[in-house]
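First the structure, in the form of structure tokens, and then the observations on it.
These figures come from a predicted structure and were not determined experimentally.
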Amino acid sequence: MSELFTLQYEWPRPLRLVSLNERMHWAKEQQHKSAWLDAGFWLGSEVKADCRRKHIRTPLPYCSIQIDCDVHEVRRRDGHNMAKCAKWLIDGLVLAKVFTDDSTEYLELKDWTFNVKKTPPLYMRITITEDF
């Protein structure tokens, strides 16, 4: 039986956070989706390389994922409204074969947290923790 693990990454985030409350043309939304999916895929490559170094098997077992994101403006945000971005990011991780699937059988998404940062670059910090 393997030990519990925690993997942490700081990754440049796509410039646009897309809220569930926003309505936009499908073509514009597809551009944002593509940026988040690519970020998830390339992050997945980093996660898999890190797992190989630490002798952790992929796809990962049941894990929780926490996303901590830099933002420009000081205003109220609801982490639940970032579900689109989270879905696209996690889909990229699944494409990279970090997780078997993005269902609740394999993954728990914790609420987003936000950090105000006045100057670029903006990052997201992703913490993946093995849970039983």
Side-chain angles (χ1 to χ4, degrees):
M1 188 152 172
S2 66
E3 295 180 16
L4 294 178
F5 60 82
T6 298
L7 304 170
Q8 294 183 317
Y9 303 92
E10 184 169 82
W11 200 259
R13 81 163 172 88
L15 288 180
R16 186 81 158 72
L17 288 171
V18 180
S19 169
L20 285 173
N21 295 331
E22 289 182 65
R23 302 281 182 240
M24 64 176 69
H25 190 272
W26 66 268
K28 190 71 167 167
E29 185 170 300
Q30 195 63 30
Q31 289 175 340
H32 296 302
K33 176 182 179 179
S34 180
W36 281 94
L37 200 61
D38 288 349
F41 182 81
W42 292 111
L43 172 64
S45 300
E46 180 75 21
V47 172
K48 285 183 70 170
D50 195 23
C51 286
R52 278 192 298 276
R53 283 191 297 273
K54 295 178 179 179
H55 305 288
I56 299 170
R57 271 197 163 154
T58 55
L60 296 174
Y62 184 79
C63 292
S64 63
I65 187 166
Q66 169 72 47
I67 303 170
D68 181 30
C69 204
D70 292 341
V71 293
H72 279 300
E73 319 84 30
V74 179
R75 64 182 173 94
R76 254 180 7 121
R77 284 192 168 72
D78 182 1
H80 290 28
N81 282 339
M82 297 301 126
K84 280 184 183 180
C85 295
K87 169 73 173 141
W88 298 332
L89 182 74
I90 291 169
D91 282 350
L93 290 167
V94 170
L95 283 174
K97 299 188 183 339
V98 172
F99 301 109
T100 303
D101 191 27
D102 60 354
S103 68
T104 56
E105 183 180 340
Y106 298 99
L107 193 63
E108 175 192 356
L109 177 64
K110 300 201 175 193
D111 254 352
W112 286 51
T113 57
F114 300 98
N115 300 315
V116 177
K117 188 175 177 188
K118 298 289 185 191
T119 58
L122 299 176
Y123 286 95
M124 55 185 169
R125 279 155 295 289
I126 292 94
T127 304
I128 300 170
T129 306
E130 181 182 16
D131 292 335
F132 276 105

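Here the options are D70, V71, I67, the test is side-chain contact (heavy atoms from CB on, under 4.5 Å), and the partner is F114; only V71 passes. When D101, I65, V98 are each tested for a side-chain contact (heavy atoms from CB on, under 4.5 Å) with I90, only one passes: I65. The only option from T58, I56, L7, I128 that meets the side-chain contact (heavy atoms from CB on, under 4.5 Å) definition with D50 turns out to be L7.
The two residues L93 and G40 come nearest to each other via the heavy atoms CD2-O, 3.5 Å. Here the shortest heavy-atom pairing between L89 and A39 reads CD1-C, 4.1 Å. Closest of all the heavy-atom pairs between W11 and E46 is CZ3-CB, 4.0 Å. Here the closest heavy-atom approach between residue H72 and residue K118 is recorded as ND1-O, 3.7 Å. Scanning both residues, G44 and A96, for their nearest heavy atoms gives CA-CB, 3.8 Å. Between A86 and L109, the closest heavy-atom pair is CB-CD2, 3.5 Å.
Contact of the Y106 side chain with the P59 side chain is not registered, since no non-hydrogen atoms from C-beta on lie closer than 4.5 Å. With contacts defined as side-chain heavy-atom distances shorter than 4.5 Å, the pair T129/L4 does not qualify.
Going from atom CE of M82 over to atom CG of N21 covers 8.0 Å, rounded to the nearest 0.5 Å. Within the model, atoms CD of Q30 and CG of L37 stand 9.0 Å from one another, a figure rounded to the nearest 0.5 Å. R57 CZ to H55 NE2: the interatomic distance, rounded to the nearest 0.5 Å, is 13.0 Å. Atom CD of Q66 is separated from atom CH2 of W112 by 10.0 Å, given to the nearest 0.5 angstrom.
Around NZ of K28, the count of heavy atoms belonging to other residues, nucleotides or ligands within 6.0 Å does not exceed 12.
If you chain together hydrophobic residues whose side chains sit under 4.5 Å apart, W88 and L20 never meet in one group. V116 and Y123 are not part of a single hydrophobic cluster, where members link through side-chain heavy atoms under 4.5 Å apart. Residue M124 is not grouped with residue L122 when hydrophobic side chains (ILVMFWY) are merged at heavy-atom distances under 4.5 angstrom, including chains of intermediate members. L15 and W42 are assigned to two separate hydrophobic clusters, defined by single-linkage of ILVMFWY side chains at heavy-atom distances under 4.5 Å.
No donor-acceptor pair closer than 3.5 Å links the side chain of E130 to the backbone N or O of Y62. At least one donor-acceptor pair under 3.5 Å links the side chain of W36 to the backbone N or O of R16. The backbone N or O of P121 sits less than 3.5 Å from a side-chain atom of K117, completing a donor-acceptor pair.
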- Show your working on side-chain contact (heavy atoms from CB on, under 4.5 Å) between T100 and E105 and close with a plain yes or no. CA-CA 10 Å; T100 303; E105 183 180 340; over 6 Å; no

- Message: Please evaluate residues V47 and L43 with respect to the criterion side-chain contact (heavy atoms from CB on, under 4.5 Å), reporting the C-alpha separation (whole Å), side-chain torsions for both, the decisive distance (0.1 Å), and the verdict.
- Response: CA-CA 6 Å; V47 172; L43 172 64; 4.2 Å; yes

- Task: For the pair E108 and C63, evaluate side-chain contact (heavy atoms from CB on, under 4.5 Å) and give the outcome as yes or no after the intermediate values.
- Result: CA-CA 6 Å; E108 175 192 356; C63 292; over 6 Å; no

- Message: Between K110 and T127, does the side-chain contact (heavy atoms from CB on, under 4.5 Å) criterion hold? Intermediate values first, please.
- Response: CA-CA 10 Å; K110 300 201 175 193; T127 304; over 6 Å; no

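With salt bridges taken as basic N to acidic carboxylate O contacts below 4.0 Å, none links K84 and E22.
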